[in-house]
Enquirer: 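My questions will all concern the structure given below.
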Amino acid sequence: MLFRQILETETSTYSYLLGCERTHRAVLIDPVASEIDDYVGLLQALNLKLIYTMETHVHADHITASGLLREKLGGKSVVHRDAGAMCADLLVTDGVILQVGDLEFEVRHTPGHTSGCVSYVMSDRVFTGDALLINGSGRTDFQQGDAGQLYDSIIGKLFSLPPDTLVYPGHDYQGNTVSTIKQEKAKNARLGSGQSRDEFIAIMQDLKLAYPRFIDKALPANQSCGLAVE
Ligand code: FE
């Protein structure tokens, strides 16, 4: 398997490239529009054909490259059915398996940051988007966010994975690149010391986060796969 973790520095967003070495088929998870030339160059350099761009959710902080990649390379965009992006080619639900060459991705619906959030489980790793972050979690105060639902998603759908599963998040603001389920279960500041559902909800309600900088631009754009909206 070919694997790259790509950081977009302005919004500390991680995107991921995964490619099958046998079939040269590839996917991008959560690509950012401003970085499209890098993705195209990387796919070319590694001799890969883009099959899917897979979104973990409709993002509020950056614009997706999925629409542009579809126009340029023909890659189909994938989001959860409840994400509110009807522009996508595949609207998936919990339990769907996406097969790309020898790579197998399992969709796990992990709502709470948004109602249409998913995580993608692939072999020894999981791409958690903004559901589970390293030593944190996605915020739950906009985009149909729901702290109780996020707690249930993380405990039920992510902490139930094998302990050595690698955790690759959608963002990291401290420069961390990867964690494990074991590490997050033991050390995550919001729900890694046995916090109850109510304690987690109280923590999330008390965060007092600033209004997201790009939400008014990014949300409508991402509902049309990152392509211009009038
Ligand atoms: Fe997000």
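Atoms considered below: every heavy atom in the structure, side chains included; atoms not considered: hydrogens, waters and symmetry mates. These figures come from a predicted structure and were not determined experimentally. Atoms within each ligand, like the ligands themselves, are counted from 1 in listed order.
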Enquirer: State plainly whether the residues Asp164 and Lys182 are in salt-bridge range, i.e. N to O under 4.0 Å.
Expert: yes
Enquirer: Verify the distance test for Cys117 against the Fe ion (ligand 1): any N/O/S atom under 2.8 Å, yes or no.
Expert: no
Enquirer: Decide, yes or no, whether a salt bridge links Glu199 with Arg197 under the criterion of side-chain N to carboxylate O below 4.0 Å.
Expert: no
Enquirer: How about Arg70: does its CZ atom have over 12 heavy atoms from other parts shown lying under 6.0 Å from it?
Expert: yes
Enquirer: May I ask you to check if any N/O/S atom from His171 comes under 2.8 Å of the Fe ion (ligand 1)?
Expert: no
Enquirer: Under 3.5 Å, is there a donor-acceptor pair between the side chain of Ser153 and the main chain of Pro111?
Expert: yes
Enquirer: Any N/O/S atom, side chain or main chain, of Asp130 closer to the Fe ion (ligand 1) than 2.8 Å?
Expert: yes
